[in-house]
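Each chain gets a letter, A, B and so on, in the order the sequences are listed, and its residues count up from 1.
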Amino acid sequence: MHYAQIILPLNLKGSFTYKVPEEIIEQIQCGMRVLVPFGGKKIYTGIVFELHDQAPENFVAKEVISILDSKPIVPDEQIKFWNWLSDYYLCSLGEIYRFAFPSSLKLESETYLKLKPNAVINFEILDVNEMYLIQALEVRQLINLTDIEAFIPKKDIIKTINSLIDLQYIEIDEKVAEKYKAKEVAYVKINDEVLKNESLTGILLGLTKARKQKELFLHILEKQTENPNQPLKKSDLFEDGYFSSSHFKALADKGFIEEYYRQKDRIESYSGEIEEIEELSDIQKVAKEEIDIAFKEGKNVLLHGVTSSGKTHIYLEKIEECIAEGKNVLFLLPEISLTKQITQRLEKKYGSQLGFYHQKLTDFERVEVWKRISRNDIKILIGTRNALFLPYENLGLIIVDEEHDSAYRQKDVSPYFNARDVSLVLGNFYDANVILGSATPSVESYYLGQKDRLRYVFLDKRFGEVALPVFELINFKEAQDSKHVNGNFSFRMLEELKKTVDENNQGIILHNRRGYANVIECESCGYVNYCSNCDVVMTYHKSANEMKCHYCGQRASKPKACPKCFSENLNERGVGVEQIHEEVSKLFPDNEVDRMDVDSMRKKFAYEKLYEKIEEGETDIVVGTQMISKGLDFDHIELVAIPKADSMLYVQDFRAEERAYQLITQVSGRAGRVSGEGKILIQTYNPDHSVFQLIKMNDPAKTYDYFLKERKKFHYPPYTKMIMLQLSHRKEDKITRASQFMGSVLRKYLPEECVLGPEKSPVFKINNMFQFQILIKLPRGNKYASFKKLVLKSIEEFDEITAYQSVKKHVLIDF
DNA sequence: AGCACGCCGACT
DNA sequence: GTCGGCGTGCTC
């Protein structure tokens, strides 16, 4: 095995061939990290993907510099998984590697400057910047490029460096440095020599003049003899402020005590009480048995359990079994922050065998979890979609909770995978069982359940047989006609809200639109405030008193007058959650009305604070966006009101109705969890709309039947496979031509009805980039693979046009 | 993705 | 006249 295929953290196709030098040929294994040179001078950390003896024909392979690990850091199963992902999602292995690894584990060489040895510097010919740089180098020997920004203006850096290189005063060097540092904690003990040889009385006599030092010495000695196996933290000594570090230093200088360091895990593990879980109800037992049978048959499970039916209970049971068999568990959540209680319950039961991995961890924290997983110190990992890539050793069970949630799909960076779908694949590679769970499964998963590709397990009763909430549709048109409205609320809805707060219960109002008003419009000339970078109107946020673009994040102050005609008659149109909150606060002046949306929850602990406020019963009404549909499991919420339910339906998306159903059902699950007297009020102009009728009927089988029929009729997933091609560029004419060309290439290979577009994306300009999209609908089943190959071929043909290389291209599989 | 090379506009 | 913009090509 003299050659290795190496994956580099770059968006380049496939892997690269390197020669394995004789001296490491014995050690090198697939899944290890290696340092390799790439391009002119850069050094990258690559992953050994394959070892072979096939010398390359068209180029001379460079040599691997060194191996970074003593054993493989990426398990075989993960390598297979990466390979599958790259194939299925049409992305490069490099992109997967970049995403999968914490950046501290994939070191890149950094460029340093240093003085040329023996350079004789003539300071008289140097300008100020050059002088600074030379002086800095004389002091520090090595300086990296970012550090230079501290004393030379950014625009002059390159010029300065180039001129000093020309003068042969400095040179450039590349260095790879380990970035990850384990956090160390200082401990203290009495010097071993002191304990062995010297008499303690002698020491104490010597300290008679230093009373505090003596006390400190005795304190340490006492602690140490009391509990010889318990290391004594240095920081604990100063906790009450009685001793100071100068006393400590004096004793250490005299050699009486000794300081030593230990690595500490950055993540605090739970060490509180460990709680047993309650027994399953009969209904839950039946469901659990169905799962057991499915697993025995080698089937994965879709667990459809209505809200508060106790899915978590069943999860806990299965987790326990899996761990008893000596295997590990991966528990996936769409977002870690919003699902407090599940983690709490697991934490109580499994304490320090629990690990967390999600997008909000710092890089070093990620490395620590990575290492703990690698050492098999973690039995259960709770994480978001990026947790799929950790180096698990013996995974036995993967649970995907809230499997319908769109947060499982990665949207910002490649690979654009759906964690729910690929968890089934990962489970397959690890030979682990998978449970997808939800109160409102995605239509796709439900379909797989119908086909028995997933075993469908249905929990149709709330835990303890608590009744499901009652739905009521309010015809807002009628209410308006009979003048039974106050702003955005019908009298009927207000009456119920009043009743709820008067009975000391809590209500939730769902309005899924951020901001105060969607548009600020000039009454005289019709001018609306567009974002200067994007093709969207800016949303007015009253609480922050500014206009925000929800696409690029740009902010602007609210115009006092129309910038075009200077009229001061500005109209606010399109109701946002802030406005609903303001309205309700005015209508219920004696009650506590709070708002929960991404804008109000941005501050640190804002969510926790509001959560507690609701838990304590201080809040009477919560007004919020879809955020309130998750995790708010409180006993006294009896009413859920949705004043403008129609706004959820008329979105240009074939999943809009499914989303509306899921959102309304999820939020309705918050009501009457204990009393069984929860009430859901839906205010709409179209009470006859199928979605509202189906929600009201509360019959999941019928609902999914309706969705599936609609999907079939219009050739949408799950009956077809969809691929979305998004193309963007800064120049409108270029991207128009490029997308036309892409469309024609696709049509060359694929049947006419498979290719829709190119057309301008719903938001044509985002962040000054013009967006086009092409939708490709392909048949499911055996033919899919061959059709996808043709799509790939078309993309490759497009890539060959050099003029289109600057076109940014996103391929979204299973759009 | 990064980086070097090479060709054109706007400043000293 | 140069500096620096970015379009193009290449990396085992």
Side-chain angles (χ1 to χ4, degrees), chain A residues 1-21 24 28 30 32-67 86 90-101 103 106-113 127 129-130 144-146 152-166 172-176 412-416 728-735 737-738 768-769 796 798-811:
Chain A
M1 301 296 184
H2 287 82
Y3 291 93
Q5 291 307 120
I6 309 285
I7 304 171
L8 294 173
L10 304 169
N11 180 16
L12 293 169
K13 260 205 181 61
S15 53
F16 290 81
T17 312
Y18 283 83
K19 202 166 177 339
V20 182
I24 58 170
I28 199 162
C30 281
M32 283 179 167
R33 292 179 304 156
V34 287
L35 286 182
V36 290
F38 188 76
K41 52 186 183 183
K42 275 272 176 191
I43 296 165
Y44 287 102
T45 310
I47 302 288
V48 182
F49 181 63
E50 204 188 321
L51 291 163
H52 58 86
D53 256 325
Q54 195 77 48
E57 285 171 15
N58 308 322
F59 55 89
V60 183
K62 288 184 182 171
E63 280 200 350
V64 171
I65 299 171
S66 64
I67 307 182
S86 123
L90 305 179
C91 61
S92 68
L93 286 165
E95 286 174 306
I96 299 172
Y97 169 36
R98 267 152 72 99
F99 177 73
F101 265 60
S103 48
K106 39 176 205 280
L107 318 165
E108 223 175 273
S109 64
E110 235 182 318
T111 309
Y112 284 87
L113 297 180
D127 70 19
N129 288 331
E130 292 163 357
N144 80 23
L145 289 180
T146 42
I152 296 182
K154 223 171 183 168
K155 62 175 177 57
D156 294 336
I157 291 179
I158 300 291
K159 207 168 92 187
T160 309
I161 293 172
N162 282 339
S163 116
L164 287 173
I165 291 174
D166 286 347
I172 288 176
D173 201 10
E174 293 279 318
K175 243 187 154 53
V176 184
D412 37 6
V413 280
S414 179
Y416 304 103
S728 63
H729 196 272
R730 276 182 300 112
K731 293 197 178 111
E732 188 176 348
D733 55 334
K734 185 157 192 160
I735 193 62
R737 268 181 284 121
N768 290 317
M769 301 274 279
E796 277 164 1
F798 176 87
D799 285 343
E800 275 167 26
I801 313 290
T802 52
Y804 295 153
Q805 267 173 19
S806 53
V807 170
K808 286 244 183 299
K809 185 166 75 267
H810 289 171
V811 187

Identify the pairs formed between an N or O of the protein and an N or O of nucleotides 10-12 of chain C at a distance under 3.5 Å, and give each distance.
from, atom 1, to, atom 2, distance (Å)
dT11(C), O3', G39(A), N, 3.4
dC12(C), OP1, G39(A), N, 3.4
dC12(C), OP2, K62(A), NZ, 2.4
dC12(C), O3', T17(A), O, 2.9
dC12(C), O3', K62(A), N, 2.8
dC12(C), O2, T17(A), N, 2.6

[X] [atom1] to [N] [atom2]: how many Å, rounded?
| X | N | atom1 | atom2 | result |
| --- | --- | --- | --- | --- |
| F99(A) | dA1(B) | CZ | P | 16 Å |
| I801(A) | dG7(C) | CD1 | C1' | 16 Å |
| I161(A) | dC3(B) | CD1 | P | 13 Å |
| I7(A) | dA1(B) | CD1 | P | 17 Å |
| R730(A) | dG7(C) | CZ | C1' | 11 Å |
| E800(A) | dG9(C) | CD | P | 12 Å |
| K808(A) | dC6(C) | NZ | P | 13 Å |
| K13(A) | dA1(B) | NZ | C1' | 14 Å |

When you measure from the side chain of [X] to the backbone N and O of [Y], does any donor-acceptor pair fall under 3.5 Å?
| X | Y | result |
| --- | --- | --- |
| K734(A) | A803(A) | yes |
| K62(A) | G39(A) | yes |
| Y18(A) | V48(A) | no |

Establish, from distance only, whether the side-chain atoms of T160(A) and E130(A) form a donor-acceptor pair under 3.5 Å.
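No, because no side-chain N or O of T160(A) sits under 3.5 Å from a partner of the opposite role on E130(A).
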
Does a side chain donor of either H729(A) or S806(A) reach within less than 3.5 Å of an acceptor in the other side chain?
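Yes, S806(A) and H729(A) have a side-chain donor paired with an acceptor closer than 3.5 Å.
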
Which atom pairs, donor and acceptor, lie under 3.5 Å between side-chain atoms of residues 8-16 of chain A and protein residues at least two apart or in another chain?
from, atom 1, to, atom 2, distance (Å)
N11(A), OD1, S92(A), OG, 3.2
S15(A), OG, Q5(A), NE2, 3.0

F798(A) and Y804(A): aromatic ring centres closer than 6.0 Å?
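Yes, the ring of F798(A) comes within the 6.0 Å limit of the ring of Y804(A), centre to centre.
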
What are the two closest non-hydrogen atoms of P21(A) and E63(A), and how far apart are they?
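Smallest heavy-atom distance, with atoms named: CB-OE1, 3.8 Å.
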
Check A61(A) against T17(A) and note the closest heavy-atom contact, atom names and distance.
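Taking A61(A) first and T17(A) second, the nearest heavy atoms are CB-O, 3.6 Å.
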
Members of residues 44-57 of chain A that approach DNA chain B, where some heavy atom sits under 4.0 Å away:
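Nucleic-acid contacts, sorted: none.
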
